[in-house]
Amino acid sequence: MPELPEVEVTRLSISRPLERARVLGVRVGKPLRWPLGCDPHSLVGRAIGPVARRGKYLWLPLGPRPGQGDSDAGGLLLHLGMSGSLAFRPEHTAPAGPLGLHDHFELFVEGGTGSGRLCLHDPRRFGAVVFAPALDQPPAAALLARLGHEPFDAALTPQSFHAALSGRRAAIKSVLLSGDPVVGAGNIYACEALFHAGIDPRVRADRISRPRAARLLQAVRDTLARALALGGSTLRDFSDAHGMDGAFQDHAAVYGREAQPCLQCADPVRRIVQGQRATYFCPRCQRR
DNA sequence: CGGGACGCCTGTGAGC
DNA sequence: TGCTCACAGGCGTCCC
């Protein structure tokens with residue numbers, strides 16, 4: 001589920017409850033994609049800093065343990081994988097006993113807006129929570145090293161985007177999913193952006209002209225911004241930290257609409273498979 | 001080095 | 001009703 005808009009919606013929804021917060025307790029469930037990389041108890045007592053996002057990763061800065069110097073600081077790199085979501089639930093006292101069936105990591109915190117627990121719910125456990133001393137230190141650095149530009153980074157221009165596509169012979173849909181030229185568009189938003197740009201997802205990336213690359217970049221930005229404004233997409237169970245569902249799924253032009261009429265031309269939307277992933281597009285509105 | 005397949009997990013819905 | 005199978009929002013790793 002979680003593509004960039006859902007991760008950003010999550011970031012925004014946990015920012016307030018975590019303001020000036022401190023970790024009072026930690027509980028862990030089943031293993032996630034990678035080991036936490038530290039003793040969970042070593043997180044207790046640390047101050048939580050402003051939550052940041054890079055691509056689909058969240059970064060939760062943590063101050064040093066009580067009595068330790070600044071060099072003891074670190075943070076948690078979080079990824080929601082395919083089925084992850086974060087929930088913040090106000091609680092007066094630290095919950096005890098086992099976590100919920102699919103709750104695999106929980107911080108009990110005391111913050112400026114009161115105490116509560118921040119819980120990662122992830123049935124498929126493709127998500128991750130990893131401790132690192134800093135974003136540019138292992139193991140965080142390696143995970144972020146190969147990410148492309150943030151979609152709204154001013155350094156990403158139609159020219160540089162076109163140049164990035166020109167070296168890739170793979171289908172444009174696959175190149176968007178790779179997160180190489182630009183991060184954030186997953187399967188839903190890559191399909192939607194290509195529809196709004198009028199580009200056939202099977203076109204080789206290096207065969208896209210400059211004007212069409214410019215249109216695609218704009219479509220990626222517009223699609224992600226619209227999804228963010230709508231609270232993301234809730235296909236099955238995604239919601240923000242307060243349980244609010246997204247609404248973008250009701251505004252998708254092609255994603256999940258196989259055989260239904262195209263909203264522009266009424267021809268049936270097609271579903272194909274590219275790189276083991278479903279692609280939805282309109283063969284009439286999206287040209288080679 | 002680019003490109004594509006695999007595997008990590010569990011839940012759900014369709015079809016028989 | 002109950003079983004089996006295909007498929008689901010991501011992405012690091014491996015092999016060609």
Side-chain angles (χ1 to χ4, degrees), chain A residues 1-10 29-35 37 53-58 77-86 99-105 120-130 138-148 164-193 201-207 220 223-224 227-228 230-240 245-252 254-259 271-280:
Chain A
M1 153 218 28
E3 303 182 36
L4 186 145
E6 290 75 22
V7 177
E8 182 64 10
V9 162
T10 299
K30 290 181 182 173
L32 293 163
R33 179 161 193 178
W34 299 298
R53 179 191 57 75
R54 174 72 176 101
K56 298 170 191 172
Y57 289 90
L58 291 174
L77 193 67
L78 281 80
H79 199 289
L80 301 179
M82 287 275 267
S83 58
S85 59
L86 283 172
L99 285 163
L101 179 59
H102 296 306
D103 295 337
H104 302 303
F105 185 82
L120 174 66
H121 180 87
D122 186 5
R124 294 176 72 178
R125 291 190 282 131
F126 290 171
V129 181
V130 175
L143 295 172
L144 304 180
R146 297 157 90 182
L147 296 184
L165 298 185
S166 69
R168 307 292 299 270
R169 304 164 66 103
I172 183 61
K173 160 73 175 343
S174 300
V175 172
L176 282 180
L177 274 193
S178 74
D180 187 6
V182 57
V183 295
N187 210 32
I188 298 175
Y189 303 122
C191 290
E192 293 297 307
R202 299 166 294 186
V203 178
R204 273 171 49 160
D206 61 1
R207 295 248 194 88
V220 167
T223 301
L224 294 178
L228 179 58
L230 288 168
S233 296
T234 299
L235 294 191
R236 176 164 281 107
D237 54 9
F238 173 78
S239 59
D240 77 7
D245 286 352
F248 185 91
Q249 68 282 357
D250 299 327
H251 298 257
V254 287
Y255 186 85
R257 299 192 63 245
E258 182 182 16
R271 178 187 185 276
I272 61 174
V273 174
Q274 295 179 288
Q276 322 297 106
R277 311 293 302 278
T279 296
Y280 299 87

Are the side chains of [Y] and [X] in contact, using a 4.5 Å heavy-atom criterion?
X: A:I272; Y: A:R202; result: yes
X: A:D122; Y: A:M82; result: no
X: A:L78; Y: A:T10; result: no

Heavy atoms under 4.0 Å, any strand shown: does A:R271 hit a base, just sugar-phosphate, or nothing? sugar-phosphate
Classify A:F248 by what it touches in the nucleic acid, base, sugar-phosphate, or nothing, heavy-atom distance under 4.0 Å. nothing
What is the separation between atom [atom1] on [X] and atom [atom2] on [N], rounded to the nearest whole Å?
X: A:N187; N: C:dC7; atom1: CG; atom2: P; answer: 13 Å
X: A:E6; N: C:dA8; atom1: CD; atom2: P; answer: 16 Å
X: A:L80; N: C:dA8; atom1: CG; atom2: P; answer: 20 Å
X: A:D180; N: C:dG10; atom1: CG; atom2: C1'; answer: 16 Å
X: A:L165; N: B:dG2; atom1: CG; atom2: P; answer: 14 Å
X: A:L144; N: C:dG10; atom1: CG; atom2: P; answer: 17 Å
X: A:F238; N: C:dG10; atom1: CZ; atom2: C1'; answer: 14 Å
X: A:K173; N: C:dG10; atom1: NZ; atom2: P; answer: 9 Å

Show which side-chain atoms of residues 165-172 of chain A pair as donor or acceptor with protein atoms under 3.5 Å away, not counting sequence neighbours.
residue: A:S166; atom: OG; partner: A:A163; partner atom: O; Å: 2.6
residue: A:R168; atom: NH1; partner: A:D180; partner atom: OD2; Å: 2.7

Side chain to side chain contact (heavy atoms under 4.5 Å, CB included) filter on A:L99, not counting sequence neighbours, yields A:R27, A:D103, A:E106
For A:D245, what residues pass the side chain to side chain donor-acceptor pair (under 3.5 Å) criterion, not counting sequence neighbours? none
Partners meeting side chain to side chain donor-acceptor pair (under 3.5 Å) with A:R54 (sequence neighbours left out): A:E150
For a quick test of reading the model: is some side-chain N or O of A:Q276 closer than 4.0 Å to OP1 or OP2 of B:dG4? no
C:dA8 phosphate, OP1 or OP2: any side-chain N/O from A:Y255 under 4.0 angstrom? no
For atom P, what is the distance between B:dC9 and C:dC14, given to the nearest Å? 16 Å
Say we look at C:dC11 and B:dC1: how far apart would their P atoms be, to the nearest angstrom? 22 Å
For a side-chain hydrogen bond (donor to acceptor under 3.5 Å, both in side chains) check, start with the C-alpha distance between A:T279 and A:Q274, then their side-chain angles and the critical distance, and finish with the verdict. CA-CA 7 Å; A:T279 296; A:Q274 295 179 288; 2.7 Å; yes
Base contacts versus sugar-phosphate-only contacts with protein, heavy atoms under 4.0 Å: please encode nucleotides 8-13 of chain B as B, S and - from 5' to 3'. BBBSS-
Stems in DNA chain B: runs of 3 or more consecutive Watson-Crick or G-U pairs, distances under 3.5 Å? B:2-8 with C:10-16, B:10-16 with C:2-8
Side chain of A:E3, backbone of A:Y189: donor and acceptor closer than 3.5 Å? yes
